[in-house]
Protein chains: 2
Amino acid sequence: MNHLADNWIDRFQGLRGLPADIRADLKSGSRIVSVPAGTRVFEPGQSADNLLLLLEGTVRVQHHSATGRDVLLYRVHAGESCVLTTACMLAFENYSAEGIAETAVTAAAIPRKVFDELVAHSSIFREFVFTAYSRRITDLFTLIDDIVFQRMDVRLASRLLELANAEGYVHATHAVLASELGTAREVISRTLSEFHRRGWIEQLRGEIRLLGREGLEQLVRSV
Amino acid sequence: MNHLADNWIDRFQGLRGLPADIRADLKSGSRIVSVPAGTRVFEPGQSADNLLLLLEGTVRVQHHSATGRDVLLYRVHAGESCVLTTACMLAFENYSAEGIAETAVTAAAIPRKVFDELVAHSSIFREFVFTAYSRRITDLFTLIDDIVFQRMDVRLASRLLELANAEGYVHATHAVLASELGTAREVISRTLSEFHRRGWIEQLRGEIRLLGREGLEQLVRSV
DNA sequence: CTTGGTCGGTGACCAAGTCACACAATACCG
DNA sequence: CGGTATTGTGTGACTTGGTCACCGACCAAG
């Protein structure tokens with residue numbers, strides 16, 4: 001993991017331009033943390049005191065609703081910052097969103113105080129942070145648009161295409177897909193049956209195999 | 001309008017603690033602008049070069065979708081900052097959200113350059129900005145939750161209670177309410193008929209009169 | 001008074017979410 | 001190893017919400 005500790009800053013597009021002195025502050029002021037898959041990186045009510053910059057793995061940010069269902073809000077990938085923890089850090093409000101490590105995760109944790117100093121002293125760091133915020137906000141806009149206007153079959157098709165690995169397998173139960181899209185498990189089951197009927201997929205327990213991407217892609221494009 | 005120009009900073013909770021020198025910079029670096037109701041304050045594709053702090057009026061931030069319908073994302077009220085313009089200012093991405101003045105609006109416009117300096121030099125200003133961001137993000141979370149899990153009748157009832165003036169009148173057409181809630185006009189018409197049938201409201205052209213708030217409030221609470 | 005535009009109402013239909021099951025595959029455990 | 005619990009999936013009946021196609025009522029301008 002030492003190679004990570006050395007030059008992790010360059011993994012972030014927006015930080016590459018940082019001058020040497022700020023880099024040094026950032027490196028010495030932060031520490032590298034690793035957590036296993038499934039860890040709650042942050043949770044409702046808990047005030048975060050570190051900004052996380054993801055070096056490896058993905059974090060799923062979701063909202064747990066009163067009715068017991070979850071909605072996926074967005075994913076944070078390696079090379080992105082988990083700006084929601086910033087929000088937690090700096091704002092008085094406590095969120096009802098939680099972050100869960102989907103895979104094993106390695107991240108650079110920047111304490112509140114260091115973060116504040118970096119924002120004050122580096123315009124590049126400022127831009128990095130604000131860009132991260134805007135990306136999240138636009139992601140949320142897109143999500144809302146999707147939820148309101150897009151048909152479920154199209155949303156599911158495009159999600160399957162996203163989640164499929166190189167061999168065309170998607171490792172996910174119907175229930176997981178339902179929570180990804182903020183819908184009910186039954187709806188996923190039915191839509192998948194339909195996809196199967198059309199010869200686009202094959203179903204296994206806990207897994208879906210895409211038989212070519214053409215059909216699904218056409219459905220997605222057809223909007 | 002001169003009384004506004006003098007002490008507008010104190011209208012913002014988060015800015016009251018600003019030290020005198022920063023205040024002076026903020027005041028001299030910004031200017032007061034007024035626009036009539038209906039003005040597009042910002043729009044997709046246009047890169048904003050001012051952060052707006054609303055002194056009077058409200059701005060409706062909405063997303064215009066490909067299907068021709070609009071969704072209300074949130075409202076910015078007097079005493080709040082329109083942080084989306086910040087996002088536009090600082091980020092490379094161009095938004096598909098637009099801001100429309102719902103009433104005549106007076107605002108303090110802070111140019112990009114001044115904004116950046118203030119963020120660098122004042123921790124209080126920093127906190128103000130980040131707090132604004134977090135509030136928007138949580139608002140969006142709540143909206144998503146609402147859309148996904150809440151029944152339309154409940155959402156409409158609570159919106160009517162919000163929008164009603166002291167005399168219990170809501171000045172809005174069914175079409176407007178539909179776009180507020182991201183649904184179709186017909187759905188609003190039906191739900192309002194149902195509310196009328198229950199004796200909760202009276203309908204006029206372009207206007208709704210609440211006959212007491214108890215029924216609606218009970219529906220909202222019943223969730 | 002016409003005419004065109006806005007506003008609201010309605011029925012038929014489709015898409016999606018809910019509820020209540022049933023049943024198969026797998027995991028666990030004595 | 002076999003039995004039981006848990007998890008994953010399938011399905012029918014029903015409700016809610018969104019879409020489409022229309023209509024008639026109101027309103028303002030000429």
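Side chains included, hydrogens not; waters and symmetry mates left out as well; all remaining heavy atoms used. Bear in mind the structure is a predicted one, so any value in this text is a computation, not a measurement. Naming: A, B, ... by sequence-line order, numbering from 1 per chain.
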Nearest-nucleotide wise, let me know which of Ser193(A) and Arg185(B) is further upstream toward the 5' end of DNA chain D.
Ser193(A)
Counted 5' to 3', the first and last nucleotides of DNA chain D within 4.0 Å (strictly under) of a heavy-atom of chain A are dT7(D) to dA13(D)
Members of residues 209-218 of chain B that approach DNA chain D, where some heavy atom sits under 4.0 Å away:
none
Could you check, using the six-membered ring where one of them is a Trp, whether Phe130(B) and Phe130(A) have ring centers closer than 6.0 angstrom?
yes
Record whether the side chain of Arg190(B) comes under 3.5 Å of the base of dG11(C) through a donor-acceptor pair of N or O atoms.
yes
Could you tell me how far apart His196(B) (NE2) and dG8(C) (P) are, to the nearest whole angstrom?
14 Å
Under 4.0 Å, heavy atom to any atom of DNA chain D: which of residues 172-181 of chain A qualify?
Thr173(A), His174(A)
Atom-pair distance (CD on Glu194(A); P on dA16(C)), nearest Å
11 Å
Both Thr191(A) and Leu192(B) contact DNA chain C. Taking the nearest nucleotide for each, which residue is further toward the 5' end?
Leu192(B)
Ring-plane angle category for Phe125(B) and Phe128(B), please: parallel below 30°, perpendicular beyond 60°, tilted otherwise.
tilted
Should we say atom CD of Glu194(A) is surrounded by more than 12 heavy atoms from elsewhere, each under 6.0 Å from it?
yes
Start at the 5' end of DNA chain D and walk down; is the nucleotide closest to Gln203(A) or to Met152(B) reached first?
Gln203(A)
Whole-Å distance separating the CD1 atom of Ile208(B) from the C1' atom of dG8(C):
11 Å
Sugar-phosphate, base or nothing in reach of Leu204(A), heavy atoms under 4.0 Å
sugar-phosphate
